[in-house]
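A short worksheet on the structure shown next.
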2 protein chains.
Amino acid sequence: MTTIENISDSAPEKMLRILDCFTLQGGQLSVGDISKLTGIPRSTAHRWVGILRDTGLLDQDNSRDVYRLGLRLIHLGNNALWSMDISREARHVLEALSRSAGARSHLCVFDGNQMIFVTRTIGGRAGRFNSTTVMESSPCYCTSVGKAVLAYQPQETVERIISQGLHPYTPHTITDPDRLREELALTRKRGYSINNGEMEMHERCIGAPVRNAAGRVIAGLSLTDKTRKMTDDKIPGFAQTVIKHADLLSVQLGYRHS
Amino acid sequence: MTTIENISDSAPEKMLRILDCFTLQGGQLSVGDISKLTGIPRSTAHRWVGILRDTGLLDQDNSRDVYRLGLRLIHLGNNALWSMDISREARHVLEALSRSAGARSHLCVFDGNQMIFVTRTIGGRAGRFNSTTVMESSPCYCTSVGKAVLAYQPQETVERIISQGLHPYTPHTITDPDRLREELALTRKRGYSINNGEMEMHERCIGAPVRNAAGRVIAGLSLTDKTRKMTDDKIPGFAQTVIKHADLLSVQLGYRHS
DNA sequence: ACAGTTGTCTCATTTTTTGGGACGAGTTTT
DNA sequence: AAAACTCGTCCCAAAAAATGAGACAACTGT
């Protein structure tokens with residue numbers, strides 16, 4: 001009927017459409033901004049923003065009529081990471097990988113846009129809070145963990161990442177969309193990814209995908225070392241080690257078959 | 001009308017009621033579990049869970065009929081932290097504080113339940129992804145940052161934290177609700193909090209509240225050192241330094257007046 | 001084999017959302 | 001300084017979505 005799509009969103013979809021505005025546009029938005037960005041009429045947007053403020057999903061600068069993402073989102077995000085078995089299982093696998101290969105290892109979860117570094121250190125006593133969760137994000141197109149994950153995502157996800165821009169960190173960063181697509185195809189073919197100083201000069205990483213119980217690739221496990229230490233001839237051997245540990249982690253997350 | 005409260009939630013409220021089940025109960029829940037925990041009828045819960053799965057707020061283990069918090073929440077939480085000016089402003093203030101006091105400093109955001117450690121390291125070039133966000137959570141009843149924030153939260157928040165249990169980390173951890181209430185009153189009175197080896201033995205911290213543009217205390221800034229170095233006679237001086245920097249940060253966040 | 005539980009689907013009823021329009025307070029333009 | 005404009009806020013009848021009891025099948029464990 002209307003000029004553009006007339007899809008009637010469910011409430012959560014519409015809610016996320018509003019919250020995503022902040023993600024894209026960053027920082028702070030007014031009711032008017034939200035109305036424009038989402039196409040939601042002013043009066044409706046106004047009511048929504050009020051509800052989202054009351055529920056803690058948005059925070060309001062009282063001085064101006066401006067809103068930001070709320071603290072409750074941080075809480076939920078933190079809990080989502082917590083409730084993932086990945087945090088629980090990760091440590092031992094990371095230690096085993098580092099020990100057997102003699103290099104640093106990373107585990108990162110793909111959140112739909114970036115790679116989020118996950119690790120957990122268990123303290124002395126048992127208990128919910130006796131641990132710490134660490135989150136650190138980095139781009140997915142120029143890290144080994146990112147490329148390992150991206151290789152197994154639907155095409156539309158890859159295209160979205162590309163459309164957001166491939167900013168160069170080093171001269172080795174892949175900035176050409178086609179080269180990235182080739183790289184992902186190669187990664188899919190051999191089962192592991194290589195990062196050749198694309199984010200940090202003189203650092204080479206090998207990454208492999210980690211699957212959850214649903215069979216989806218949700219994370220990447222990697223091995224990192226100086227380029228001069230991780231020579232070409234060693235890569236195949238290291239790759240098998242990384243894949244082995246990534247598969248082990250997948251199984252611990254509930255993934256079956258292979 | 002009904003026996004219990006007949007409050008009709010808005011859609012986001014109900015959604016959060018479902019998501020919060022996972023926070024409280026942890027791990028994974030089935031449709032039936034959610035129905036029981038929230039009081040929402042099975043068929044309604046079923047539809048909701050389906051929507052939340054489709055929007056990425058929940059993840060489904062395909063093997064069993066079990067759900068977990070979704071990756072999208074991690075994404076949103078990460079973005080919420082990003083969009084906070086606090087990440088941008090924090091670094092300089094932290095460095096200044098550490099330098100002027102000669103001890104380690106922390107900045108933690110209160111997410112409603114825990115204290116989330118926030119820091120950011122800016123790399124060489126400008127750009128969105130050229131930084132890293134680190135999140136690490138710790139309890140708020142036994143850290144200086146936590147007590148500094150909790151002292152300025154509504155009573156119901158304090159009581160909720162207490163009702164969740166005050167687990168001892170060290171012999172010095174405050175586990176008596178009344179002692180915690182007194183401690184918070186004292187903190188409010190003098191304007192800064194002290195953590196006396198309550199989470200880590202032989203570590204002493206001084207914390208002060210940080211306010212956002214809305215005037216709400218949303219974070220805590222702290223100075224940490226070994227107990228033997230942070231002696232009683234030095235505390236008042238250090239406290240003023242911490243408060244000064246916390247206030248500076250508050251102003252940078254848009255807080256006015258004092 | 002059986003009783004109980006659980007996931008899933010349908011549909012008439014109820015409830016909420018919706019958004020055009022109105023009003024007032026600021027802000028910019030003329 | 002007045003006019004034109006923008007923006008936040010509120011109201012209400014029309015429209016759309018959520019609701020939840022019930023039915024059915026699949027599964028569980030005794």
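Computed from a prediction, not measured in an experiment: that's the story for all the values here.
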**OP:** Begin with the C-alpha distance, continue with both residues' side-chain angles, and end with the deciding distance and a verdict on side chain to side chain donor-acceptor pair (under 3.5 Å) for B:Asp247 and B:Ser250.
**Re:** CA-CA 5 Å; B:Asp247 287 347; B:Ser250 297; 4.8 Å; no
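Taking 3.5 Å as the limit, the base of C:dG20 and the side chain of A:Arg42 contain no donor-acceptor pair of atoms between them. Evaluation of atom-type donor-acceptor distances gives a pair under 3.5 Å for the side chain of A:Ser43 against the base of C:dG20. Residue side chain A:Ser10 does not reach the base of D:dA18 through any donor-acceptor N/O pair under 3.5 Å, judged by distance alone.
Under the 3.5 Å distance criterion, the side-chain polar atoms of B:Glu13 are left unmatched by any main-chain donor or acceptor of A:Ile51. A donor-acceptor contact shorter than 3.5 Å links the side chain of B:Tyr141 to the backbone of B:His167. Distance alone, capped at 3.5 Å, places no donor-acceptor pair between the B:Arg72 side chain and the A:Gly112 backbone. Side-chain atoms of B:Ser35 never come within 3.5 Å of backbone atoms of B:Val31 as a donor-acceptor pair (strictly under, hydrogens ignored).
At whole-Å resolution of the value, CG in B:Asp54 and P in C:dT8 are 12 Å apart. One interatomic measurement links the two molecules: CE of A:Met15 to C1' of D:dA17, which rounds to 17 Å at whole-angstrom precision. Rounded to a whole Å, the CD1 atom of B:Ile51 is 12 Å from the C1' atom of D:dT19. Summarising the geometry, the separation between CH2 on B:Trp48 and P on D:dT19 is reported as 6 Å, rounded to the nearest angstrom. Going from atom CD of B:Gln60 over to atom P of C:dT8 covers 7 Å, rounded to whole Å. A straight line from CD1 of B:Ile40 to P of D:dT19 spans 7 Å, rounded to a whole angstrom. To the nearest angstrom, C1' of D:dA18 lies 12 Å from CD1 of B:Ile18. When rounded to the nearest whole Å, the span between CZ of B:Arg17 and P of D:dA18 equals 16 Å.
Nearest heavy atoms, A:Ser193 versus A:Lys147: CB-CB, 3.9 Å. Listed here is the closest heavy atom pair of B:Ile18 and B:Thr38: CA-CG2, 4.2 Å.
Each of B:Lys36 and B:Arg47 lies near DNA chain C, and the nucleotide nearest B:Lys36 is the one positioned closer to the 5' end. The residue among A:Ser30 and A:Ala11 whose nearest nucleotide of DNA chain D is located toward the 5' end is A:Ser30. Between A:Pro12 and A:Gly32, the residue anchored closer to the 5' end of DNA chain D is A:Gly32, taking for each the nucleotide with the nearest heavy atom. Residue B:Val31 is the one, among A:Pro41 and B:Val31, whose nearest nucleotide of DNA chain C lies closer to the 5' end (criterion: closest heavy atom).
Residue A:His46 has its side chain nearest to D:dG8 when only D:dG8, C:dC9, C:dT18 are considered. Looking at the side chain of A:Lys14, the nearest of the listed nucleotides D:dT19, C:dT18, D:dT9 is C:dT18.
Rounded to 10 degrees, the angle separating the terminal helix axes of the helix from C:dA1-D:dT30 to C:dT30-D:dA1, each built from five base pairs, is 50°.
Residues passing the ring-ring contact (aromatic ring centres under 6.0 Å, His included) test with B:His245: none are found, sequence neighbours excluded.
Residue A:Thr44 places none of its side-chain N or O atoms closer than 4.0 Å to OP1 or OP2 of C:dT18.
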